[in-house]
Participant: 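Below: one structure in structure tokens.
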Amino acid sequence: RSFAQSVLRFLGFIFWGTAAAQAFGGVSVILMFKNYRYLFQESYLSLPGWLALAAALTLLPTGVLSISISVKCSRNQQGTFMYLLLVLLCLEMSSAALARSYCIRTASQLESAMGYLIHQHNWTCSQDPGSSVVDVMQRKLRCCGVHNYTDWLTASTSSSWYHPACVPESCCKEKHSHCRGDLGHVEQLFEEGCLKKLEDKLCFAMLYVFWCCTVLSILELLAGVSNGILMRHRPFHDFCIL
């Protein structure tokens, strides 16, 4: 019994600490899909982030109850603690499963979505940087094209704004203020494509939520077992009929 009380006290503080980590992961996923919503058709892709955020908020009262039960066993608190653990397990496992599946699903959609935006771009060398979603994406991620700057050459051949010797100015590195996207100075352009950078960023956020939820689910099961040990020492005689 004393060991179960020590475990609950320790897990109470752990729940408080991991609530911040869980909230950080949830907010990161939500903001990512909000910032790059033009690349994703489905609005529900941020659902793992919202579930993780809800779990983080639920962890706060759960941590309070865990510490309180370790000091003084209360029947009402023990029962409420068990219900909160059940809710948390549902939230954590749902968020983990969705984060894992969405990471694989969205990665396959990004290439076609990026390619479509580049081909639909009103392509011109003198275009003002930041005037389109493509320029914003390339500035944020510090990238050029889908795989590299040659994607813009392919796009320009199918556009009325045909400029075979340059790319949009959003492909230019910040330290080259005089850069105008001239392919004669490739060293002034971002080398990497946007697809790999955004895939890595997306999967990192999703896997962060996945592993946070998985580890927390294990800790919550341990807390449930510890609380069950304490409940066995003081059985609910008044409620045996239930």
Participant: Would you please name every residue forming a side-chain hydrogen bond (donor to acceptor under 3.5 Å, both in side chains) with Gln77, sequence neighbours left out?
Facilitator: Ser68
Participant: Between Ser66 and Gly12, what is the shortest heavy-atom contact and its length?
Facilitator: OG-N, 3.5 Å
Participant: So, the side chain of Lys197 versus the backbone of Arg142: is there a donor-acceptor pair under 3.5 Å, distance only?
Facilitator: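 At least one qualifying donor-acceptor pair exists.
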Participant: Between SG of Cys172 and CZ of Arg139, what distance do you get to the nearest 0.5 Å?
Facilitator: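 It is 6.5 Å, given to the nearest 0.5 Å.
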Participant: Tell me whether the guanidinium CZ or amine NZ of Lys140 lies under 6.0 angstrom from the six-membered ring centre of Tyr36 and within 45° of its axis.
Facilitator: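 Judged by the rule (NZ or CZ under 6.0 Å from the ring centre, within 45° of its axis), Lys140 counts as positioned above Tyr36.
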Participant: Could you state the interatomic distance from SG (Cys212) to CD (Gln22), rounded to the nearest 0.5 Å?
Facilitator: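 Answer rounded to 0.5 Å: 5.5 Å.
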Participant: So, do Cys213 and Met93 sit near enough that their side-chain heavy atoms are less than 4.5 Å apart?
Facilitator: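 A side-chain contact under 4.5 Å is absent here.
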Participant: Looking at Ala96 and Thr214, what are the two nearest heavy atoms and their distance?
Facilitator: CB-OG1, 4.3 Å
Participant: Is the backbone of Pro48 close enough, under 3.5 Å, to the side chain of Ser95 for a donor and an acceptor to pair up by distance?
Facilitator: yes
Participant: Between Glu191 and Lys173 (salt bridge meaning N to carboxylate O under 4.0 Å), is one present in this structure?
Facilitator: yes
Participant: In Å, rounded to the nearest 0.5 Å, how long is the span from CE of Met231 to CD of Gln78?
Facilitator: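 Atom-to-atom, Met231:CE and Gln78:CD are 5.5 Å apart.
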Participant: Would you kindly say whether the two SG atoms, from Cys171 and from Cys144, are closer than 2.5 Å?
Facilitator: yes
Participant: Write down the atom of Ala99, the atom of Val209, and the distance for their closest heavy-atom approach.
Facilitator: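 The answer is CB-CG1, 4.3 Å.
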Participant: When clusters are formed by joining ILVMFWY residues with side-chain heavy atoms under 4.5 Å apart, either directly or through shared neighbours, do Leu89 and Val215 land in the same one?
Facilitator: no
Participant: Between Glu92 and Glu220, is there a side-chain heavy-atom distance shorter than 4.5 Å?
Facilitator: yes
Participant: Hydrophobic cluster membership, with links at side-chain heavy-atom distances under 4.5 Å among I/L/V/M/F/W/Y: are Val225 and Leu221 in one?
Facilitator: no
Participant: Is the shortest heavy-atom distance from the side chain of Leu216 to the side chain of Leu59 under 4.5 Å?
Facilitator: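 Counting from C-beta outward, Leu216 and Leu59 do come under 4.5 Å.
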Participant: Within the structure provided, determine whether Arg100 and Leu207 are in side-chain contact (heavy-atom separation under 4.5 Å).
Facilitator: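 SC-SC contact between Arg100 and Leu207 confirmed.
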Participant: Do you know the tightest heavy-atom contact between Ser226 and Ala4?
Facilitator: O-CB, 3.7 Å
Participant: Does Leu53 belong to the same Ile/Leu/Val/Met/Phe/Trp/Tyr cluster as Leu31, with side-chain heavy atoms less than 4.5 Å apart forming each link?
Facilitator: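 Yes, one cluster joins them.
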Participant: Is it possible for you to say whether Ile67 and Leu219 belong to one hydrophobic cluster, with membership spreading through side-chain heavy-atom contacts below 4.5 Å?
Facilitator: no
Participant: Can you hop from Leu230 to Phe81 via hydrophobic side chains spaced under 4.5 Å?
Facilitator: yes
Participant: In this structure, are over 12 heavy atoms from other groups packed under 6.0 Å from Arg9 atom CZ?
Facilitator: yes
Participant: Between the side chain of Thr18 and the main-chain N/O of Phe15, is any donor-acceptor distance below 3.5 Å?
Facilitator: yes
Participant: Mind checking the CG-OG1 spacing from Asn76 to Thr80? Nearest 0.5 Å is all I need.
Facilitator: 6.0 Å
Participant: Report the distance from atom OG of Ser217 to atom CG of Leu222, rounding to the nearest 0.5 Å.
Facilitator: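 Result: 12.5 Å between the selected atoms.
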Participant: What distance separates Glu192 CD from Leu141 CG, expressed to the nearest 0.5 Å?
Facilitator: 10.0 Å
Participant: Looking at Leu60, is its backbone amide N or carbonyl O close enough to the side chain of Trp16 to form a donor-acceptor pair, meaning the two atoms are under 3.5 Å apart?
Facilitator: yes
Participant: If we ignore hydrogens and angles and just use 3.5 Å, is the side chain of Ser6 paired with the main-chain N or O of Ser2 as donor and acceptor?
Facilitator: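 Looks like yes, one N/O pair under 3.5 Å.
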Participant: Looking only at heavy atoms, which two atoms of Leu45 and Tyr102 are closest? And how far apart?
Facilitator: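 That closest heavy-atom pairing would be O-CD1, 3.5 Å.
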Participant: What's the verdict on side chain to side chain contact (heavy atoms under 4.5 Å, CB included) for Leu202 and Phe33, showing C-alpha distance, side-chain angles and the deciding distance?
Facilitator: CA-CA 9 Å; Leu202 173 67; Phe33 282 104; 3.5 Å; yes
Participant: If you look at every heavy atom in Met82 and Gly228, which pair is closest and at what distance?
Facilitator: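 For Met82 versus Gly228, the nearest heavy atoms are CE-N, 3.7 Å.
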